[in-house]
Chemist: 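The structure is given below, and queries will be raised subsequently.
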Amino acid sequence: MRWSEAFIPTLRDAPADAEAVSHVLLVRGGFIRQLAAGSYTILPLGQRVRLKVANIIREEMNAIGGQEMMPPTLHPAEIWRKSGRYELMGENLYKLVDRKGADLVLGMTEEEIFAITAMELSSYRDMPQIWYQVHTKFRDEARPKSGLLRVREFTMKDAYTLDIDRAGLDAGFEKHRGAYQRIFARMGLDALGVEASSGAMGGSESVEFMVRSDAGEDWIVTCSNCDYRANVERAISAVGEVDDGDPADLDRFPTPGLRTIKALAEAHPDVATPERQIKTLVYVLDGEQVLVLLRGDHDLQEQKLLDATAAVEARAATPEEIRPLLGADPGSLGAVGVNGPRIIADEALRGRSNLVTGANEDDWHHSGVAVGRDIEVSLWADVREVHSGEPCPLCGGELELWKGIEVGHIFKLGTKYSETFGVYVQDEKGDSHPIIMGSYGIGVERGMAAVVETFHDDKGIIWPVSVAPYEVVITVVRADDQPTLDAAERLYTELDAAGVEVLLDDREERPGVKFADAELIGIPYRVTVGPRGVEQGIVELTTRRDLVTEETAIDGVVARLSEAIYVQRHGA
RNA sequence: CGGGCUGUGGCGCAGCUUGGUAGCGCGCUUGCUUUGGGAGCAAGAGGCCGUCGGUUCGAAUCCGACCAGCCCGACCA
């Protein structure tokens, strides 16, 4: 491609409303333009990257036996009502009505559609199957943000495994784990597979692939000593033992004006250190008011609460809801003697005694509280959020927290969708079994953005060869100098013939503009052709990653570049 | 959905307090000069000032409603 004929609208100034590095650089480099919140036009340069990412995904999916197909994105609402997700997905699901008044839905993930397609299968002999698509998904995000990182319309590779038994699912899951590791590695990404919550997908087990980045929206817990890694929505840590002393009798004491764990601990350091208090939270789970108990120095992880109770929506109750329920305001709440709402207690409170908690009367607290004796717990669960520095649950090493971008997520779904849609196959004895499904997603554009978040400097993007829009840019220093232009054209033709993707910067611009643009759009190799060098049969070769330049004979440059690129093209 | 901020040529911004012919930088067009790290001079093109309504002789500017976008939070397969 000749730059003079290409549509590569680079910008000198960053758009005012872009914050994330990938957002700024993709807009400035002429890869994308915003149409509306969370809605982008992918420009020619962006499309080349997007197709390369999609092709890497396709190659690795095909390599594990995946078969690409193309279901519709527009679905009858009936299907989603049947799976229960018409309601479950809430406002994130785009809902529309056609001319006949029929309700329709735009697909945001497609377990339902693939389950229905799987009704064609009837025998264990048909198993296993790996089906996938690379297609548009729609999500009415409450808050699209950060350019391509969180949008309302995007391309997702979603794959589904169909097996007759658990062992088949496990095998399919492991195949995908491997494929995903290869896909992200080929994109240059260091994506770590971490334990995750399955959320609204349902299912038993899931692994997210996270790329470390401050632009990410998830917090990840990793051990500095062993391989333990998990999303905070799922992560656990070893809790230190607390010496409660001998169990005491339940008692009350006045605590005027002491409304926080900290204030109470400072006023009564002998009995009420934070780890010897019970934190009582009132939550509303799908409309049901519940008490959630935690150790005083611990915090609630809401997703854990949802997972433990199979609830869909959790929110903190308001003071107006709490007073009629418990008879006191936040600051003096407790679960002693409460029997009405369900009481969900964190595992860290199990077996504890001699504790302090609110007495459900303003300005009074209980002391000597023994959890089993004085509080009737309805459900024990791990609902505590792990904090940085706590001991690893596996090895005791120090846990670290970091922010990550979720570039992929794989789920063991089980039979939820096959049972709903009646997808059964017969085994060798003729018995029917619901198909066991797995579901596996990668966000294509988010992956592109994650690459930019990972590889950039103050001059612009640094694409890995495997996903670069072009592999080489030939910068013609003097486009008006005929020998220079001739030499550049010859290189352009030869590189093209050698199968290298090359962009010829033949624009009548000053060199500084061309260098700056080449660096901004992140082409891995730059060949600089200028009058001085051409006279001596020499060009300059610059690598984008380290911006190191060396002079080299024109004659050898094509062979050299095609070799270097060939080995990098399929990923690091 | 709650909180904060912003809407003025393609991009970045000023003008609004105190109403009176819409401005600057970059980019774009043409010409000349220049040419190894975002050139100089000259002449140009390009704007329903987010939308609707109100106040006024007169509104980018004042008032109201709405819409859109960004950031924080809630939410998020």
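Below, read A as the first sequence line, B as the second, and so on, with proteins coming before strands; counting in each chain starts at 1.
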Chemist: Is C49(B) paired to anything, Watson-Crick or G-U wobble with both distances less than 3.5 Å, and if yes, which nucleotide?
Modeler: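 None - no nucleotide pairs with C49(B), as no candidate has both distances under 3.5 Å.
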Chemist: Could you please name the option among G37(B), G69(B), G36(B) that lies closest to any side-chain atom of Asp17(A)?
Modeler: G69(B)
Chemist: Starting from P on C75(B), measure out to CE on Met89(A) and report it in whole angstrom.
Modeler: 16 Å
Chemist: If C41(B) has a Watson-Crick or G-U wobble mate with both distances under 3.5 Å, name it; if not, just say none.
Modeler: G31(B)
Chemist: Which listed nucleotide (U35(B), G69(B), C71(B)) is nearest to the side chain of Lys145(A)?
Modeler: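 Closest nucleotide to the Lys145(A) side chain: C71(B).
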Chemist: Looking at Arg526(A), Lys514(A), Lys459(A), which one forms a side-chain hydrogen bond (donor to acceptor under 3.5 Å, both in side chains) with Glu519(A)?
Modeler: Arg526(A)
Chemist: Round to the nearest Å and state the distance from Glu508(A) atom CD to U33(B) atom P.
Modeler: 14 Å
Chemist: With both distances under 3.5 Å as the test, what is the Watson-Crick or G-U wobble partner of G19(B)?
Modeler: none
Chemist: Just call it for Arg28(A): base, sugar-phosphate, or nothing, with non-hydrogen atoms closer than 4.0 Å on any strand.
Modeler: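 Base contact - Arg28(A) has a heavy atom under 4.0 Å of at least one base atom.
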Chemist: Does Ala16(A) reach a base, just sugar-phosphate, or nothing at all? Heavy atoms under 4.0 Å.
Modeler: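 Sugar-phosphate contact only.
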Chemist: Identify the two heavy atoms, one from Val232(A) and one from Gln301(A), that lie closest to each other, and give their separation to 0.1 Å.
Modeler: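 Residues Val232(A) and Gln301(A), closest heavy atoms: O-CG, 3.3 Å.
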Chemist: Atom CZ of Arg507(A) and atom P of A39(B): how far apart are they, to the nearest Å?
Modeler: 12 Å
Chemist: Atom CZ of Arg33(A) to atom P of G69(B): distance rounded to whole Å?
Modeler: 18 Å
Chemist: Using only side-chain N and O atoms of Gln34(A), determine if any of them is under 4.0 Å from OP1 or OP2 of C70(B).
Modeler: yes
Chemist: Across the strands shown, which category fits Ala36(A) at heavy-atom distances under 4.0 angstrom: base, sugar-phosphate, nothing?
Modeler: sugar-phosphate
Chemist: Could you tell me whether Tyr440(A) contacts a base, only the sugar-phosphate backbone, or nothing, with contacts defined as non-hydrogen atoms closer than 4.0 Å?
Modeler: nothing
Chemist: Check Pro341(A) against Leu291(A) and note the closest heavy-atom contact, atom names and distance.
Modeler: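 In this case the closest contact between Pro341(A) and Leu291(A) is CG-CG, 4.3 Å.
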Chemist: Distance criterion of 3.5 Å, no angle test: do you see the side chain of Glu540(A) paired donor-to-acceptor with the base of G36(B)?
Modeler: yes
Chemist: Take atom CD in Glu535(A); do more than 12 heavy atoms of anything else shown fall under 6.0 Å from it?
Modeler: no
Chemist: If you assign Asp480(A) and Glu302(A) each to the RNA chain B nucleotide with the nearest heavy atom, which residue ends up on the more 5' nucleotide?
Modeler: Asp480(A)
Chemist: At under 4.0 Å between heavy atoms, what does Ala37(A) touch on the DNA or RNA strands: base, sugar-phosphate, or nothing?
Modeler: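 Result for Ala37(A) = sugar-phosphate.
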Chemist: Could you tell me whether Thr475(A) contacts a base, only the sugar-phosphate backbone, or nothing, with contacts defined as non-hydrogen atoms closer than 4.0 Å?
Modeler: nothing
Chemist: Partner lookup for U56(B), please. Criteria are Watson-Crick or G-U wobble with both distances under 3.5 angstrom; report none if nothing qualifies.
Modeler: none
Chemist: On the nucleotide A39(B), are OP1 or OP2 found under 4.0 Å from the side-chain N or O atoms that Arg510(A) carries?
Modeler: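 Checking Arg510(A) against A39(B): at least one side-chain N or O falls below 4.0 Å of OP1 or OP2.
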Chemist: Taking only the side-chain heavy atoms of Glu19(A) (C-beta and beyond), determine which of G36(B), G12(B), C71(B) contains the nearest atom.
Modeler: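 The closest nucleotide is C71(B).
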Chemist: Can you tell me how the ring of Trp131(A) sits relative to the ring of Phe114(A), calling it parallel under 30°, perpendicular over 60° and tilted otherwise?
Modeler: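 Aromatic pair Trp131(A)/Phe114(A) classed tilted.
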Chemist: For Ser39(A), report the nucleic acid contact type (base, sugar-phosphate, nothing); a contact means any heavy atom under 4.0 Å.
Modeler: nothing
Chemist: Starting the side chain at C-beta, find the nucleotide from G69(B), G12(B), U35(B) nearest to Pro511(A).
Modeler: U35(B)
Chemist: Does the structure show a Watson-Crick or G-U wobble partner for A74(B), both distances under 3.5 Å? Name it, or say none.
Modeler: none
Chemist: Mind checking if Gly530(A) touches a base, just sugar-phosphate, or nothing, with heavy atoms under 4.0 Å?
Modeler: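 Contact class for Gly530(A): base.
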Chemist: What is the distance, rounded to the nearest whole Å, between atom CG of Asp505(A) and atom P of G37(B)?
Modeler: 15 Å
Chemist: Regarding Asp517(A), tell me which of base, sugar-phosphate or nothing describes its non-hydrogen contacts under 4.0 Å with the strands shown.
Modeler: base
Chemist: Would you indicate whether Asp486(A), at its atom CG, is surrounded by more than 12 heavy atoms from other residues, nucleotides or ligands within a distance under 6.0 Å?
Modeler: yes
Chemist: Report yes or no: is there a donor-acceptor pair, N or O only, under 3.5 Å between the side chain of Glu509(A) and the base of G37(B)?
Modeler: no
Chemist: Just checking Arg526(A): base, sugar-phosphate only, or nothing, at a heavy-atom cut-off of under 4.0 Å?
Modeler: base
Chemist: Measure centre to centre between the rings of Phe31(A) and Trp463(A), then say whether the value is under 6.0 Å.
Modeler: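 Aromatic pair counts; centres sit under 6.0 Å.
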Chemist: Between Arg143(A) and C72(B), does any side-chain N or O lie under 4.0 Å from OP1 or OP2?
Modeler: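 Answer yes for this pair, as a side-chain N or O of Arg143(A) is under 4.0 Å from OP1 or OP2.
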Chemist: By nearest heavy atom, map Glu519(A) and Ala14(A) onto RNA chain B; which one lands nearer the 5' end?
Modeler: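 The residue whose closest nucleotide sits nearer the 5' end is Ala14(A).
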Chemist: Quick one: Asp458(A) CG to G37(B) C1', roughly how many Å, whole number?
Modeler: 13 Å
Chemist: Side chain of Pro15(A): nearest nucleotide among G12(B), G37(B), G69(B)?
Modeler: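 Side chain of Pro15(A) sits closest to G12(B).
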